[in-house]
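Remarks on the structure that follows.
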Amino acid sequence: MPRTLVIVESPAKAKTIEKYLGKGYAVESSIGHIRDLPRSAADIPEKYKGKAWARLGLDVEDDFKPLYVVSPEKRQQVARLKKLAQEADEIILATDDDREGESIAWHLYQELKPKVPVKRMVFHEITREAIQNAIEHPRDIDTNLVEAQEARRALDRLYGYEVSPVLWKKVAPKLSAGRVQSVATRMLVERERERMRFVSGTWWDLLVTAATRDGETFPARLTDVDGMRLATGKDFDPLTGQVKKGMEVRLLDEAAARSLADGLTGQPLTVVSAEEKPFTQRPYAPFITSTLQQEGSRKLGFAATRTMRAAQRLYEQGYITYMRTDSTNLSQEAMNAARTQVGAMYGQQYLSPQPRVYAKKAKNAQEAHEAIRPAGSSFRTPESLRGELSGDEWRLYDLIWKRTVACQMADARGRSLRVRLAGRAGTGEDVGLSATGRTIDFPGFLRAYVEGRDDPAAALEDRETPLPPLKEGERVTAESVKPEGHETQPPARYTEASLVQALEAAGIGRPSTYASILGTIQERGYAVKKGQALVPTWTAFATSALLEHHFGNLVDYDFTARMEEDLDDIAGGRARRVPYLRRFYLGEGGEGMALRPLIDSKMGEIDARGIATIAVPKLDGTGIEVRVGRYGPYLQRGEEKANLPEDLAPDELTPEKAAELLGRPTGDRVIGTDGATGLPVVARAGRYGPYVTLGDGNPPVRSASLFPGDDLNTITLERALRLLSLPRLVGVSEGEEIWAQNGKFGPYLKRGNDSRSLATHEQLFTVTLPEAEALFMQPRFRARGAAAAPLRTFEYQGRAPITLKSGRYGPYLTDGERNATLRKGEDEGTLTPERALEILEERGKEPKGKAGKGTRKAAGTRAGGAKTGATRGGTGARTAAKAPARKAPASKAAARKPAAKATSARAKTATQAPTKTAPTKAALTWADLKPHLGVLSEQERALVTATRDQGRRVEEVAPTLGLDVKKAKGMALQASKKLNQAARGE
DNA sequence: CAGTGAGCGAGCTTCCGCTTGACTT
């Protein structure tokens with residue numbers, strides 16, 4: 001019966017270690033972190049739900065005290081560990097020897113609350129020797145290291161959960177910001193900006209095929225003409241496409257190149273110099289996560305996730321060591337195995353004379369594990385595993401094996417040759433040429449492994465390019481001469497592999513997260529993959545611009561590096577977590593980011609409209625702007641707008657392309673021609689859904705939404721014209737016209753200021769005057785309770801029944817008192833009465849309106865709630881809700897006071913300015929709104945002040961602002977929404 | 001902002017880092 005419980009992080013590791021430890025030990029795993037800050041509201045324990053800081057999971061007023069909850073997916077494992085801990089005599093926490101591993105050990109200790117002695121042990125290799133050694137040298141949990149991890153965790157939470165909401169308000173909902181992803185996104189954006197600014201240049205040169213007396217041929221390239229060096233790519237200014245100023249170079253155009261080629265063909269050339277230089281090349285370091293992903297991509301064409309999936313399987317089955325590592329270190333066991341294998345397979349001369357040790361490579365590396373290598377003390381050859389491993393796994397193992405073996409092999413040796421030639425063209429110019437060659441005398445490690453390259457031109461380096469033996473003074477002939485045109489290329493976009501490499505170089509992200517970073521920036525819509533390339537989206541431009549301009553430090557490449565230094569200080573006991581976080585978050589002592597105050601001031605300052613406008617240098621002066629709107633990116637030139645196609649990369653947007661997009665009505669299909677007007681009828685997909693228009697302009701003469709059931713692809717001219725015939729005059733009633741129209745809430749009838757919904761769209765065409773009048777006789781609103789019939793009803797003894805209804809936000813449960821929206825996974829079909837009750841008990845909420853309107857007080861809530869519950873049906877509820885407001889006209893202001901208190905209690909920190917807000921949707925007065933004018937753009941502000949303060953009409957104000965009336969009205973509406981949102985603190 | 005009249009159960013989105021399944025396609 002084992003008495004010592006050893007806990008590691010990974011189940012696969014547990015299995016291996018258990019073998020080495022044998023009897024007396026039970027080895028278990030935590031499966032990574034077991035606790036974390038609550039991710040969302042659902043994770044917050046009831047006790048803390050009301051706390052102002054619960055959303056952050058950090059009590060910012062109490063020294064950023066973290067609220068840790070056992071992650072839902074780890075509950076089972078934690079329960080299991082608790083049980084095992086109770087049965088053990090001793091517990092050894094053997095999590096990884098790095099910041100996160102130390103933290104996991106500490107969380108295990110906190111959560112398991114062991115009553116038996118607890119030790120901490122660490123090892124960096126999974127070999128029998130290393131494990132034994134670790135067991136014999138236990139230590140205590142390093143609380144400084146734990147504190148450093150907590151600081152890291154808190155900082156990431158504060159950054160992510162405080163800055164993301166800024167993006168929701170200023171750019172688009174559901175976007176995100178974070179220490180890692182925002183820098184990754186910025187890298188893509190900056191590279192794309194370079195590409196957008198880039199102007200290509202053209203130069204020509206000559207490729208000469210020279211022949212020796214013996215008839216051997218070799219290629220040589222023109223390097224200078226009449227003593228002046230020929231211009232090549234690097235001589236060009238990427239911003240102008242012209243040769244850089246002050247460069248003393250000769251630029252060949254096509255005509256000159258062709259004439260020179262003709263003049264040189266058949267001419268003799270003299271070898272001016274022939275230099276031969278020996279070179280040696282050392283093998284590459286063994287794989288770490290980033291280099292494995294890079295080579296997986298270059299050599300096997302795997303995406304980072306695919307490489308990691310295959311590596312995970314190899315690791316679990318014991319074929320390779322741990323695949324998430326930043327250390328190039330090999331254990332003695334691995335070194336011996338590699339060297340033995342080199343000797344056996346390639347011979348002693350291929351073995352590196354000394355064992356090679358590779359220095360720490362990655363910035364901020366923590367080196368808790370070995371390099372990635374074949375497992376065991378003797379490596380299994382890929383050939384021997386052919387039948388055992390399949391597909392991706394075999395190919396990846398082969399790669400790992402080769403790289404590991406190669407790293408203990410001898411240097412490659414060879415000679416590089418550089419030959420200079422001179423000649424004279426028949427047309428009189430003196431020319432210089434150059435030929436290079438590379439000969440490998442001893443391949444050494446290249447026998448096993450040649451690194452793939454992102455840049456195909458560089459791959460040539462590893463290939464042999466022999467030259468015939470050429471001596472100074474030797475005469476050769478320019479047998480054929482080919483003029484070649486070249487264009488300078490913009491800097492290449494990042495690929496998954498090169499972005500990971502760049503992040504690693506900047507010390508950003510960890511081996512365990514590289515693959516998921518790529519996923520995150522794509523899921524958030526910051527980047528799309530085009531082949532191998534990662535192309536940033538316009539949303540990424542808007543987001544990056546916002547962060548760069550207003551939160552520059554957060555996307556500074558040095559920010560992470562500095563953070564790592566600070567964390568190192570905390571880990572070393574030279575600094576403390578709390579002061580560090582106070583500086584970062586509150587700006588205490590006038591130092592640090594001061595994130596919270598910064599956000600408070602920026603929230604009003606940042607002009608969302610300005611942020612949505614993206615700088616495109618090539619469009620300067622064209623009057624065309626790129627904007628990111630609610631429905632995606634679009635172009636604007638005065639009144640004209642055009643959606644930007646999804647697949648158009650930012651650097652492909654030229655003035656010509658933009659003009660073309662604006663010129664053609666977007667995504668439309670001409671169905672036919674209207675006989676009456678001669679205008680084309682067009683089917684279009686718009687932001688409000690599919691619609692048809694009369695006329696193909698922008699805006700069209702008329703437009704009409706399709707009905708549900710109509711299909712944009714199959715709609716006929718006849719049907720389109722019928723839709724365009726709306727609105728229809730139904731008749732005249734009570735001296736006013738009744739019109740049947742299609743609106744944003746569906747089909748409806750309109751008579752003066754009154755309206756009634758229609759049941760179906762088709763009724764728009766069929767409803768008669770008497771039917772319409774009958775509808776207007778009925779009350780305007782559907783009686784409450786007579787709303788859509790409940791989908792299901794659950795009956796209970798001793799309590800009101802619970803009904804399942806279909807609402808605007810999806811299915812929800814209600815018992816008349818409280819409502820609860822169903823969440824993902826809570827299938828309405830399989831819901832049991834017990835579960836329904838549970839859900840309602842757990843998170844049922846009193847509808848806002850009932851408690852809110854004018855009666856926030858206890859009496860109102862309780863009694864009102866009960867009453868509405870009892871008198872459901874008819875208009876009772878409405879009357880009940882309205883009554884108090886009518887009785888006490890002053891209650892609006894009175895009700896807002898306590899409500900405002902509630903809101904500020906819920907506000908994030910004490911530093912946040914007290915907000916004059918009302919959480920109820922009661923209409924806010926101009927006085928309530930006025931203090932928030934700061935959230936508006938200048939134009940919006942001018943418009944709103946003119947209409948509200950001076951009582952002028954939009955029609956009247958618009959021209960003075962240079963706006964047309966229609967646009968101004970839209971703007972006024974938007975501005976009013978923004979103001980209300982801001983005033984409510986939303 | 002292609003055009004459009006009410007008023008309705010809101011509640012959540014988001015970070016980074018450490019680990020695997022359990023799901024589905």
Side-chain angles (χ1 to χ4, degrees), chain A residues 9-13 29-34 36-37 39-42 55-56 71 73-74 77 95-96 98-101 103-104 149 152-153 155-165 167-168 173-182 312 316 324 509-513 516-517 520 524 627 629-631 634 636 639 641 684 686-688 691-693 698-705 727 741-746 748-750 753-757 780-782 784 787 805 807-810 812-814 818-821 823 843-850 966-967 969-971 973-974:
Chain A
E9 290 181 36
S10 147
K13 200 190 268 185
S29 62
S30 70
I31 323 185
H33 273 295
I34 56 161
D36 193 10
L37 306 176
R39 202 186 53 80
S40 66
R55 189 185 64 85
L56 288 173
S71 313
E73 73 275 14
K74 300 293 167 58
Q77 185 68 359
T95 48
D96 294 352
D98 56 19
R99 206 156 59 206
E100 300 296 327
S103 167
I104 294 175
Q149 191 277 344
R152 195 281 303 159
R153 182 67 192 90
L155 180 132
D156 283 335
R157 169 55 63 95
L158 293 169
Y159 184 152
Y161 274 37
E162 293 284 47
V163 181
S164 297
L167 299 181
W168 303 342
K174 299 199 179 177
L175 292 180
S176 60
R179 173 173 55 86
V180 173
Q181 59 169 285
S182 294
Q312 175 81 29
E316 282 167 9
R324 291 186 277 265
R510 304 278 311 132
S512 64
T513 61
S516 59
I517 294 164
T520 302
R524 299 280 168 272
R627 291 225 152 109
R630 272 177 65 72
Y631 309 98
Y634 62 96
Q636 184 163 14
E639 283 297 294
K641 284 174 188 155
R684 295 170 151 176
R687 49 191 65 168
Y688 307 130
Y691 65 108
V692 287
T693 64
N698 213 356
V701 177
R702 304 173 70 135
S703 61
S705 281
Q741 307 191 34
N742 195 11
K744 66 173 158 178
F745 307 120
Y748 71 105
L749 295 173
K750 186 180 163 90
N753 288 328
D754 205 2
S755 70
R756 292 290 182 283
S757 282
R780 172 175 217 149
F781 309 118
R782 215 165 37 187
R784 237 189 144 105
K805 293 185 178 178
R808 284 174 296 152
Y809 311 113
Y812 68 101
L813 292 167
T814 178
R818 294 184 297 175
N819 308 314
T821 308
R823 288 191 183 140
R843 53 167 202 268
K845 288 260 158 55
E846 248 180 57
K848 257 191 188 170
K850 283 187 191 174
K966 198 172 67 180
K967 198 163 163 182
K969 280 186 173 170
M971 187 184 283
L973 195 69
Q974 283 297 15

Looking for any heavy atom pair under 4.0 Å, which part of the strands does [X] touch: base, sugar-phosphate only, or nothing?
X: A/Arg510; answer: sugar-phosphate
X: A/Lys174; answer: base
X: A/Gly32; answer: base
X: A/Ala177; answer: sugar-phosphate
X: A/Gly509; answer: sugar-phosphate

Nucleotide nearest [X] (side chain, heavy atoms from C-beta), chosen from [options]:
X: A/Asp96; options: B/dT19, B/dC15, B/dG17; value: B/dT19
X: A/Ser703; options: B/dG3, B/dT20, B/dC1; value: B/dG3
X: A/Ser40; options: B/dG17, B/dT14, B/dC16; value: B/dT14
X: A/Pro700; options: B/dT13, B/dA2, B/dC18; value: B/dA2
X: A/Arg153; options: B/dT14, B/dC15, B/dA2; value: B/dC15
X: A/Arg39; options: B/dT13, B/dC12, B/dA6; value: B/dT13
X: A/Asp156; options: B/dT20, B/dC16, B/dC12; value: B/dC16
X: A/Ser757; options: B/dA2, B/dC16, B/dA6; value: B/dA6
X: A/Thr520; options: B/dC1, B/dC15, B/dG17; value: B/dC15

Rounding to a whole Å, what distance do you find between [X]:[atom1] and [N]:[atom2]?
X: A/Trp168; N: B/dC12; atom1: CH2; atom2: P; answer: 11 Å
X: A/Glu162; N: B/dC15; atom1: CD; atom2: C1'; answer: 11 Å
X: A/Arg152; N: B/dC18; atom1: CZ; atom2: P; answer: 7 Å
X: A/Asp36; N: B/dC15; atom1: CG; atom2: C1'; answer: 9 Å
X: A/Glu73; N: B/dC23; atom1: CD; atom2: C1'; answer: 14 Å
X: A/Glu100; N: B/dC18; atom1: CD; atom2: C1'; answer: 7 Å
X: A/Arg324; N: B/dC18; atom1: CZ; atom2: P; answer: 9 Å
X: A/Leu175; N: B/dT13; atom1: CG; atom2: C1'; answer: 10 Å

Do we see A/Tyr691 stacking on the base of B/dG3, given a limit of 5.5 Å between centres and 30° between planes? no

Any chance the side chains of A/Arg99 and A/Gln149 put a donor and an acceptor closer than 3.5 Å? no

Distance only, no hydrogens: is a donor on one side chain within 3.5 Å (strictly under) of an acceptor on the other, for A/Gln77 and A/Ser30? no

Look at [X] together with [Y] and state whether they make a salt bridge at an N to O cut-off of under 4.0 Å.
X: A/Asp156; Y: A/Arg152; result: yes
X: A/Arg510; Y: A/Glu100; result: no
X: A/Lys13; Y: A/Asp96; result: yes
X: A/Glu162; Y: A/Arg55; result: yes

Is there a side-chain contact between [X] and the phosphate of [N], meaning an N or O under 4.0 Å from OP1 or OP2?
X: A/Gln77; N: B/dT20; result: no
X: A/Thr513; N: B/dG17; result: yes
X: A/Arg99; N: B/dG17; result: no
X: A/Arg524; N: B/dC15; result: yes
X: A/Ser176; N: B/dC15; result: yes
X: A/Arg179; N: B/dG17; result: yes
X: A/Ser10; N: B/dT20; result: yes
X: A/Gln636; N: B/dC1; result: no
X: A/Gln149; N: B/dG17; result: no

Does a side-chain heavy-atom distance below 4.5 Å link A/Gln312 with A/Arg324? yes

Side chain proximity check, A/Ser176 to A/Ser164, heavy atoms < 4.5 angstrom: yes

Base of B/dG17, side chain of A/Ser516 - is there a donor-acceptor contact under 3.5 Å? no

Mapping A/Tyr159 and A/Ser512 onto DNA chain B by nearest heavy atom, which one lands closer to the 5' end? A/Tyr159

